[in-house]
Structures are given as structure tokens and as C-alpha cells.
Amino acid sequence: MYNINEYTKIIRERLSDYRFYHSLCVAESAKQLAHRYGADEEKAEVAGILHDIMKESSLEEQLEIIEKAGMMITELEKNSKKFYHQISGAAYAKVMLGIEDGEILDAIRYHTTGRADMTLMDEIVYLADFISADRDYKDVDIMRKKVDESKEEGLLYATGYTIKSVVKKGKVLHPDTVNAYNWLINKYFNK
């Protein structure tokens, strides 16, 4: 139903070598996680390959595609440009590629921040972005181990890691990430 080869050609033209390779790695990780957790592997691969499609685009282009898609952007997001690419990525997939599947669009839309009530597809792409083969940040081995232990442990570690990292840098923390963390605690760990 989806043309991964075509999407790969499109991102090759839009992204640097580094970001292109990262996208390939996330797509592969997402496909593997989808297989492991019983989700649609093709949808996971599509969301993975497209998750950063707008990452290196100008802010003007990103805002234009968000507007064209009729998507909302909060005041916090307007003032913190690092959140644009997940919103504009979902907008690009919808407007330019004709993808209408909400699971794919939401997985792209929330791959950086997470959110409360994440779907399985949201969780898969969120984790795939953290553990893809190209990643080499300080705690990546711990992160991969947590994901191997369980999806829930991986999600909790990932959101906690993000919160600590953002706070340490003195940057804006998206409320979706805080909501994701609280939702994860209540859903999986407060029993």
C-alpha cells in the first residue's frame, strides 16, 4: 500500500547524509519493534522513514506546510523551534504524500515529545528514534537494554532521560513529554 522506495528517494533529496542514514536506521528499528510487539510493520517502517523528513527544512517552509495541513501549533511550540519538525513532518506526510492514516501521522507528530495515551505505533516510533543503530549518545546502551527488557521500561527510561536532559540544558520542556511520563507511570507502574 505504501511505497517505501519512493519515500526513501524523497528523504534522500531532502536530508543530509547523516539525517538520511538516521532515518533509514529508525525505519529499520521501527519495523523490528513492530514485529516484536505485533503492530503493522509496514506502517512502522513508513513512520520511521518519514519521521525527520522536515528536520533540515527552513522554519518558513515548516510553518507553511503546517498551515497548509490545517494543523495547530501551540504558543510554546511557536517559541521553541525544535518542536517544529515533528509537526511539519506529519503535515508533509499528509499534504505532500497523501498519507491519511492517523497512526502514521501521529507517530511522526509525537516522535520527539511523546504524549499521554500514546498508541502502540506512537510508542514504537518514539523508541525506534532512541535506539536506532546510528545512535551513540551517553546512555544509548542502557536505553537499548531497557527496551529489550520491556517496551514499558524503555518508554519510562526514554521519557525520564528526555526530561532530565532538557532540564539540565535549561531548555523548554514540552508538556506532552511530562504528560507522557505521568501517563506511563499511571498506566504501567502504579498498579
Side-chain angles (χ1 to χ4, degrees), residues 1-15 19-55 65-66 69-72 83 85-135 140 143-159 162 174 176-177 179-181 183-184 186-188:
M1 182 172 167
Y2 298 102
N3 190 336
I4 296 293
N5 291 332
E6 185 62 31
Y7 300 151
T8 302
K9 286 178 191 171
I10 292 167
I11 66 163
R12 174 66 277 188
E13 293 172 7
R14 297 185 61 82
L15 301 174
R19 189 64 51 192
F20 175 70
Y21 179 64
H22 170 68
S23 296
L24 293 176
C25 290
V26 171
E28 183 57 33
S29 289
K31 188 175 175 182
Q32 290 171 5
L33 289 171
H35 179 78
R36 179 176 175 184
Y37 297 121
D40 187 307
E41 293 176 44
E42 183 183 30
K43 286 183 183 184
E45 186 177 18
V46 168
I49 201 76
L50 296 175
H51 83 286
D52 273 352
I53 193 164
M54 295 296 287
K55 181 87 173 185
I65 197 79
I66 290 168
M71 296 178 127
M72 301 302 296
F83 300 122
H85 84 280
Q86 67 175 10
I87 305 164
S88 62
Y92 187 95
K94 180 179 180 181
V95 172
M96 303 304 288
L97 302 178
I99 295 174
E100 296 180 10
D101 189 297
E103 272 191 300
I104 294 171
L105 297 175
D106 283 348
I108 295 168
R109 168 66 178 86
Y110 297 102
H111 80 267
T112 301
T113 59
R115 65 173 172 161
D117 299 315
M118 282 191 272
T119 65
L120 178 57
M121 191 63 63
D122 293 346
E123 293 173 340
I124 285 168
V125 177
Y126 183 74
L127 289 175
D129 196 23
F130 267 96
I131 65 165
S132 61
D134 64 303
R135 292 295 199 187
V140 72
M143 183 70 226
R144 289 180 180 134
K145 185 175 183 233
K146 293 287 185 183
V147 172
D148 283 344
E149 288 171 17
S150 76
K151 173 176 61 77
E152 296 76 19
E153 288 291 336
L155 289 165
L156 187 64
Y157 192 84
T159 53
T162 298
H174 199 293
D176 283 347
T177 306
N179 293 336
Y181 182 83
W183 171 75
L184 288 163
N186 286 325
K187 181 170 182 177
Y188 296 120

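Along the sequence shown, residues are numbered consecutively beginning with 1.
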Grab the two heavy atoms, one from Cys25 and one from Ala133, that are nearest each other, plus how far apart they are. CB-N, 4.0 Å

Short question: side chain of Tyr37, backbone of Lys151 - any donor-acceptor pair under 3.5 Å? yes

List the steps, then state whether side chain to side chain contact (heavy atoms under 4.5 Å, CB included) holds for Arg36 with Ile124. CA-CA 10 Å; Arg36 179 176 175 184; Ile124 285 168; over 6 Å; no

Contact check, side chains of Leu155 and Met118, non-hydrogen atoms, under 4.5 Å: yes

Can you check whether Tyr126 reaches Thr159 side chain to side chain, under 4.5 Å on heavy atoms? yes

Whether Arg135 side chain and Phe130 backbone form a donor-acceptor pair below 3.5 Å: no

More than 12 non-hydrogen atoms from neighbouring residues, nucleotides or ligands closer than 6.0 Å to OH on Tyr181, yes or no? no

Is there a side-chain contact between Asp106 and Arg115 in this structure, where contact means two heavy atoms from C-beta onward sitting under 4.5 Å apart? yes

Are any side-chain N or O atoms of Asp101 and backbone N or O atoms of Ile104, one a donor and one an acceptor, separated by less than 3.5 Å? yes

Which atom pair, heavy atoms only, marks the closest approach of Ala91 to Ala69? CB-CB, 3.6 Å

Is there side-chain contact between Asp129 and His22, with at least one heavy-atom pair below 4.5 Å? yes

If you compare all heavy atoms of Ser132 against all heavy atoms of Ser29, which two are closest, and at what distance to 0.1 Å? CA-OG, 3.3 Å

Between the side chain of Gln86 and the main-chain N/O of Thr112, is any donor-acceptor distance below 3.5 Å? yes

Does some side-chain heavy atom of Lys43 sit less than 4.5 Å from a side-chain heavy atom of Met1? no

To the nearest 0.5 Å, what is the distance between CD1 on Ile108 and CD1 on Ile87? 13.0 Å

Would you compute the distance between atom NZ of Lys94 and atom CD1 of Ile65 and round it to the nearest 0.5 angstrom? 10.5 Å

Please report the C-alpha distance between Arg14 and Met54 in whole Å, then the side-chain angles of each, then the deciding distance to 0.1 Å, and finally whether the side chain to side chain contact (heavy atoms under 4.5 Å, CB included) criterion is met. CA-CA 8 Å; Arg14 297 185 61 82; Met54 295 296 287; 3.0 Å; yes

If you measure from the Lys or Arg side-chain nitrogens to the Asp or Glu carboxylate oxygens, is any gap between Asp122 and Arg109 under 4.0 Å? no

Between Glu152 and Glu123, is a side chain to side chain contact (heavy atoms under 4.5 Å, CB included) present by the stated rule, with each step listed? CA-CA 9 Å; Glu152 296 76 19; Glu123 293 173 340; over 6 Å; no

What is the distance from atom CD1 of Ile53 to atom CD of Glu13, rounded to the nearest 0.5 Å? 10.0 Å

Counting C-beta onward and ignoring hydrogens, is there a side-chain heavy-atom pair between Ile4 and Val46 closer than 4.5 Å? yes

Nearest-0.5 Å distance, CG of residue Leu184 to CD of residue Glu153: 10.5 Å

So which of Ile11, Leu50, Thr8 actually passes side-chain contact (heavy atoms from CB on, under 4.5 Å) with Ser23? Ile11

Which heavy atom in Glu45 sits nearest to a heavy atom in Ala27, and how many Å separate them? O-CB, 3.7 Å

Considering non-hydrogen atoms only, spot the tightest contact between Leu105 and Ala93 and give its length. CD2-CB, 3.8 Å

Ile66 side, atom CD1; Met71 side, atom CE - distance, nearest 0.5 Å: 8.0 Å

Student check: side-chain heavy atoms of Val26 and Ile49 closer than 4.5 Å: no

Using the six-membered ring wherever Trp is involved, compare the ring planes of Tyr188 and Trp183 and label them parallel, tilted or perpendicular (cut-offs 30° and 60°). perpendicular

Closest non-hydrogen atom pair, Thr162 against Thr177: CG2-CG2, 4.0 Å

Looking at Lys145, is its backbone amide N or carbonyl O close enough to the side chain of Asp148 to form a donor-acceptor pair, meaning the two atoms are under 3.5 Å apart? no

Rounded distance (nearest 0.5 Å) linking atom CE of Met121 with atom CG of Leu33: 10.5 Å

Quick one, Ile10 and Leu97 - any side-chain contact, counting heavy atoms below 4.5 Å? yes

State whether a side-chain donor-acceptor pair under 3.5 Å links His35 with Glu41. yes

